[in-house]
Every structure is written in C-alpha cells, then in structure tokens.
Amino acid sequence: MVHIPDDADFNSFREQCESPDGWQCQYNKGGVTVWSQEQDSGRAVKKLKMRIICKDVPAEVLYDVLHDTSYRKKWDTNMIDTYDIGRLTVNADVGYYSWKCPSPLKNRDFVTLRSWLPLGNDYMIINYSVKHPKHPPRKDFVRAVSLQTGYLIKSNGDNSCILYYLTQVDPKGSLPKWVVNKVSQFVAPKAMKKIYKAGIKYPEWKRKHDPHFKPWVYPEQNTLPAVNLEDLSIQRADELENIDESGVSEVRMHISDDEDGPTKDS
C-alpha cells in the first residue's frame, strides 16, 4: 500500500545514513566515501551509501539544488528528462526521471513518490517507486525500481554542509558484475562531485532564473495538479520485464573531472 513517508520513515532513513553498522567501504578518496551493504537474501539488491563534504555550500543551497528541476537540466548531464507529475501534500509529490546508461546498456526511467522534510538546519529528501495509471512503462526505456533512495543534507557550519546519498535500486536487468563495480568505484563518486559543483554555481544561476520561485519552500507557489493517493500503487520489481544484459562485454570507461559521465575511450 502506498503511503506518504512519516516521521518514523525519515528517522529510519537518517539512522541508515549516519550509522556505520553493516556497511563496507568501497571507495574513499578526494573527500568522497562510498559504502555498500549486502542484503539478507542473495538475490536482494544491495544498498549504496555515499558522503561528501561540501565546503562553501550551505545546506539550504544544496537542498534547493536537489529540488530545482529547471537547474537539474543544467548540471545532470546523465539525465534524459525529468518532470513533476503532481502533488500529494505540501511536502510530497510524484515525479518522473529518466537517465542515460553507458552504451550498450539500455536507458532506465523511474516514477517515484518523493517526500521532503526540513529539520532545523538539516534537510532530507526520500523517494520510492510507484505506479501511476497515466505513466506506465515505456518501450524505449527499462522501468527501474527505487526501493529506497534519498538525500540527507547536514549543516556543517554557516557555509558548509555534509551530503549523504543512500540508494537501493533494482535496475531491472541482469547486469554484468563490471557494471556494478563501475558504479561504486567511478560513477557514484563522480555523481557526488557533480552535485557539489552544482551547489557552488547555483546561487549565481538562481539570481537570473526566477530567484523567488521555490515551491519546495513556499508551497503556495505549487501549481501542480493534485494526485490522489488511491490512484497510486507500489511498483514491484517482479511485475516488470527483466532485461538480461549479463552478456554485455566490458567497455573501457574513462571518467575525469572534465567529463559529464562514463564514456568509451576512442
């Protein structure tokens, strides 16, 4: 049954972000740390957790960055499309997101219920996959499933913050092991650095683009159509087509600070 996250959900998410118990460090370099957590069942999708210290970026600025879909189109170069479908409450909505996977893997997309909670100088945004009757799986994408994904932004002084990103996603495909390894060793750290850089540039960008428009802060600005909770249902992974990509051979992927994402070497 679909429900809007409550205080217990947010507290549980925060505890997972901050607790070291059960997490194995996969990457720790350049101010970015990545952990993974195996699940009880051998078939269960593992969790990934990331942390980066963002100097010169206040927590409220990074919170705006992660909400602002117009700005996301500027910095999230792996994104194909994103849009809000409708609002549920003043701090919950339903949205769509699609992103490019490294060739020759098929591109993925999500429909998620998202909720957010400011707590003093800290902020949380969490989501999970739902089914919306007007946004079924598309033929040109593999519909992935977010079991739990979110951000914890902790204030770290007047002009600094710590960003946690925790995700448990079923990509709906028998992905080869090299893809999973690339995600934890290259793609995930790069994504965290990209968000950090976006936070540094956001204030200047926002001054030129509807500087007072922040519906995630001022709900009276939200003009999205209302969505009835009864129209939504949980998106279960076993209801979707499973794409077998386990036979895809590894491509040489080079990732540097100047590139927007994983690319093939020429």
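Heads up: numbering here begins at 1 and tracks the sequence. In this text the structure is predicted, and so the values were computed from the model without any measurement.
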Show the numbers, then the answer: is there a salt bridge (charged side-chain N to carboxylate O under 4.0 Å, His left out) between R236 and D238?
CA-CA 6 Å; R236 303 190 186 283; D238 57 10; 6.0 Å; no
Test your reading of the model: is there a side-chain donor-acceptor pair from [X] to the backbone of [Y], 3.5 Å cut-off?
| X | Y | value |
| --- | --- | --- |
| D122 | S155 | yes |
| S160 | C54 | yes |
| K206 | F213 | yes |
| Q168 | Q148 | no |
| T149 | T167 | no |
| S129 | T112 | no |
| R108 | K106 | yes |
| T69 | Y83 | no |

TODO: Evaluate whether atom CG of D6 has more than 12 neighbouring non-hydrogen atoms of other residues, nucleotides or ligands under 6.0 angstrom away.
DONE: yes
(message) Is it the case that atom CD in E15 sees more than 12 heavy atoms from other parts of the structure closer than 6.0 Å?
(response) no
State yes or no: do [X] and [Y] share one hydrophobic cluster built from I, L, V, M, F, W and Y residues joined by side-chain heavy-atom distances below 4.5 Å, directly or via other members?
| X | Y | answer |
| --- | --- | --- |
| L48 | Y165 | yes |
| I234 | L147 | no |
| M192 | Y71 | yes |
| W205 | I195 | yes |
| I200 | V32 | yes |

Nearest 0.5 Å, what's the [atom1]-[atom2] distance between [X] and [Y]?
| X | Y | atom1 | atom2 | result |
| --- | --- | --- | --- | --- |
| Q221 | K214 | CD | NZ | 9.5 Å |
| E60 | N121 | CD | CG | 7.5 Å |
| H132 | S233 | NE2 | OG | 10.5 Å |
| I125 | Y151 | CD1 | OH | 7.5 Å |
| K154 | C161 | NZ | SG | 11.5 Å |
| T33 | Y27 | OG1 | OH | 9.5 Å |

So do [Y] and [X] actually touch side chain to side chain, heavy atoms under 4.5 Å?
| X | Y | value |
| --- | --- | --- |
| Q235 | V111 | no |
| Y128 | H3 | yes |
| I52 | M50 | no |
| V65 | W75 | yes |
| D81 | D109 | no |
| V34 | P189 | yes |
| K131 | E239 | yes |
| K134 | I85 | no |

Looking only at the side chains, is there a donor atom on one of [X] and [Y] sitting less than 3.5 Å from an acceptor on the other?
| X | Y | result |
| --- | --- | --- |
| W216 | D64 | yes |
| H209 | D68 | no |
| Y97 | N127 | no |

Review point. So I153 and L66, side chain to side chain contact (heavy atoms under 4.5 Å, CB included) or not? Walk me through it.
Key: CA-CA 10 Å; I153 310 164; L66 294 170; 3.8 Å; yes
Nearest heavy atoms of [X] and [Y], plus distance in Å:
| X | Y | value |
| --- | --- | --- |
| R138 | Y96 | NH1-OH, 3.2 Å |
| K100 | M79 | CE-O, 4.5 Å |
| V217 | P219 | O-CD, 3.3 Å |

Please set out all donor-acceptor pairs under 3.5 angstrom arising from side-chain atoms of residues 87-94, sequence neighbours excluded.
unit_1 : atom_1 : unit_2 : atom_2 : d
R87    : NE     : L224   : O      : 2.9
T89    : OG1    : N91    : N      : 3.2
T89    : OG1    : N91    : OD1    : 3.1
T89    : OG1    : A92    : N      : 3.2
N91    : ND2    : W116   : O      : 2.9
D93    : OD1    : R114   : NE     : 3.2
D93    : OD2    : R114   : NH2    : 2.7

For I53, the hydrophobic cluster (side chain heavy atoms closer than 4.5 Å, chained through members) also holds F10, F13, W23, W35, L117, L119, M124, I126, L152, I162, Y164, L166
